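Structure record follows, encoded as structure tokens.
Computed from a predicted model, the values in this text were never measured in an experiment.
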Protein chains: 2
Amino acid sequence: MHVLIVEDEKSLHQEVRQFLLQSQYLVDSAYTYAEASEKIFVNSYDFVLLDLGLPGGDGLDLLREARRNDRQEASFIILTARGAIDDRVKGLDLGADDYLPKPFSLMELQSRMQAITRRKFGLKRQELNFGNGFQLDATGRTIRYNDQDVSLTKKEFDLLHYLLLHKNRVLTRLQLGEHLWGNVLEDDSDSNYIDVHIKNIRKKLGQFAPTDFLETVRGIGYRVADSN
Amino acid sequence: MHVLIVEDEKSLHQEVRQFLLQSQYLVDSAYTYAEASEKIFVNSYDFVLLDLGLPGGDGLDLLREARRNDRQEASFIILTARGAIDDRVKGLDLGADDYLPKPFSLMELQSRMQAITRRKFGLKRQELNFGNGFQLDATGRTIRYNDQDVSLTKKEFDLLHYLLLHKNRVLTRLQLGEHLWGNVLEDDSDSNYIDVHIKNIRKKLGQFAPTDFLETVRGIGYRVADSN
DNA sequence: CTTCAACAATGAGAACGTGCATAACGGGAG
DNA sequence: CTCCCGTTATGCACGTTCTCATTGTTGAAG
């Protein structure tokens with residue numbers, strides 16, 4: 001499950017982020033209107049947790065926009081300190097799925113999200129096929145090649161998972177870094193740790209089958225291609 | 001046996017909860033319609049004790065919905081202060097298993113539940129097989145290895161039981177803590193009590209057979225794997 | 001075709017974090 | 001009071017992540 005948190009207040013943002021990570025969600029972060037807008041447009045999420053009081057614009061505009069060009073199938077949950085009822089009404093009118101007044105407990109957030117999940121998907125298991133005979137099971141956090149287990153570390157698994165969720169799209173090191181490590185704001189790092197992880201993934205999977213599907217896009221980043 | 005209590009009146013809720021815990025049920029709690037809805041969908045219960053006068057929605061809707069997508073095999077027992085007969089009729093029509101008008105005695109509740117259990121399972125017990133030759137008997141709260149008794153403490157048993165109910169899923173410490181201790185608000189992740197319980201379970205079971213099935217997933221949590 | 005610069009892949013190991021074992025603590029039940 | 005269970009505390013060992021130096025690869029320009 002892929003969540004975007006749109007909230008400018010840092011400590012709250014981090015708290016929620018941490019909690020969702022622990023609950024095994026994939027989490028992206030946005031602190032400003034611009035950031036949020038960009039991410040919502042580019043990626044597809046299962047949930048968007050949307051604060052209304054944002055620097056740079058009104059959160060409701062994001063919702064309105066996302067619903068208009070109906071690319072975004074995410075469920076929106078509106079978080080706001082404004083206790084005003086009309087916000088709630090407006091939000092729900094615009095197609096928000098739920099509304100959570102601050103302050104809220106993390107448990108409450110979780111149960112709202114699960115309720116929506118239930119409405120949307122049922123209980124089905126999340127599996128992704130890739131390469132030629134590989135399968136990733138998100139709930140069990142396992143990779144299999146024809147029923148043999150392939151063991152990856154946490155970072156390797158998360159990285160591969162993220163690439164698979166964006167099959168056929170090139171992801172830059174910056175995008176990957178941002179998603180996997182939260183905020184790498186400053187240094188367009190001289191580090192190559194992502195390359196290293198990619199290499200290790202290739203090595204481990206390579207023991208079972210060729211890893212052509214995991215392509216390097218020179219000068220940009222990496223991409224997982226369809227396997228046919 | 002796994003029970004969900006759906007009741008907004010706190011003192012009654014707690015009283016029932018306490019009683020069932022002592023009667024060795026696994027108990028989950030919901031105080032609102034939303035909470036209940038989420039839990040019913042996500043988990044599978046043996047019993048749902050359902051209050052009809054709920055904040056956020058009509059309890060009967062829960063029953064109706066649960067029966068429609070017939071994932072939920074729980075027996076529903078309706079608790080309500082509304083002495084009205086038509087509620088009773090409606091409830092039974094919708095597939096409730098029994099009806100208990102408030103106020104009721106705990107003994108009465110227990111005997112209704114036992115009656116239903118007998119009707120449902122006959123004399124047969126609820127058993128889960130795991131590892132290689134292990135068997136968990138949920139009704140007797142015992143573990144056996146080829147007919148030898150393995151004695152676990154309550155917490156150990158509950159922990160193992162919960163992991164078994166979610167076979168092949170990785171559960172984080174947060175998720176485990178949440179379900180075994182009711183509502184843990186913050187992630188006081190500086191505690192390692194779950195690790196200790198896991199270790200003790202491994203130690204006790206390990207005297208009989210290898211405990212590979214109880215896997216550590218580094219950086220995430222624990223998982224019980226299929227034993228084939 | 002050769003050269004060169006930019007970029008990616010690799011191997012080794014340092015730094016870090018996580019989980020496990022062991023032991024001690026503390027509170028509730030009898 | 002005593003015992004036992006659940007929890008906390010702590011040190012160690014090992015797996016994971018990241019850094020760094022080096023080698024390999026690519027593509028454009030001469």
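- Ring orientation note: the planes of B:Phe134 and B:Phe130 are close to parallel, at an angle under 30° on the 30°/60° scale.
- Scanning residues 151-159 of chain A for heavy-atom distances under 4.0 Å to DNA chain D yields A:Thr153, A:Lys154, A:Lys155.
- Ring centroid separation for the pair A:His179 and A:His2 comes in under the 6.0 Å cut-off.
- Partners of A:Thr153 by side-chain hydrogen bond (donor to acceptor under 3.5 Å, both in side chains), not counting sequence neighbours, listed by chain and number: A:Glu156.
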What pairs of nitrogen or oxygen atoms, one from the protein and one from nucleotides 25-29 of chain C, lie under 3.5 Å apart?
none

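- Once you apply a 4.0 Å limit to the heavy atoms of chain B, the touched nucleotides of DNA chain D run 5' to 3' over D:dC5 to D:dT16.
- Inter-axis angle, ends of the helix from C:dC1-D:dG30 to C:dG30-D:dC1, five pairs per end, rounded to 10 degrees: 30°.
- Residues that satisfy the side-chain hydrogen bond (donor to acceptor under 3.5 Å, both in side chains) test with B:Gln207, not counting sequence neighbours, are absent from this structure.
- Looking at A:Glu178 and A:Lys39, a side-chain N of the basic residue comes within less than 4.0 Å of a carboxylate O on the acidic one, giving a salt bridge.
- Listed by chain and residue number, B:Ser29 satisfy the side-chain hydrogen bond (donor to acceptor under 3.5 Å, both in side chains) test with B:His13 (two or more places apart in sequence, or in another chain).
- Judged as a salt bridge (Lys or Arg N to Asp or Glu O under 4.0 Å), and not counting sequence neighbours, B:Lys155 has no contacts.
- Contacts of residues 197-209 of chain A with DNA chain D (heavy atom under 4.0 Å): A:His197.
- Taking every side-chain heavy atom of A:Thr216 into account, C:dA9 is the closest of C:dC7, C:dA9, C:dG19.
- Here A:Lys154 pairs with A:Asp158 under the salt bridge (Lys or Arg N to Asp or Glu O under 4.0 Å) rule; sequence neighbours left out.
- Looking at residues two or more places apart in sequence or on another chain, you find no salt bridge (Lys or Arg N to Asp or Glu O under 4.0 Å) involving A:Asp147.
- Contacts of A:Asp195 classified as salt bridge (Lys or Arg N to Asp or Glu O under 4.0 Å), with partners at least two apart in sequence or in another chain: A:Arg173.
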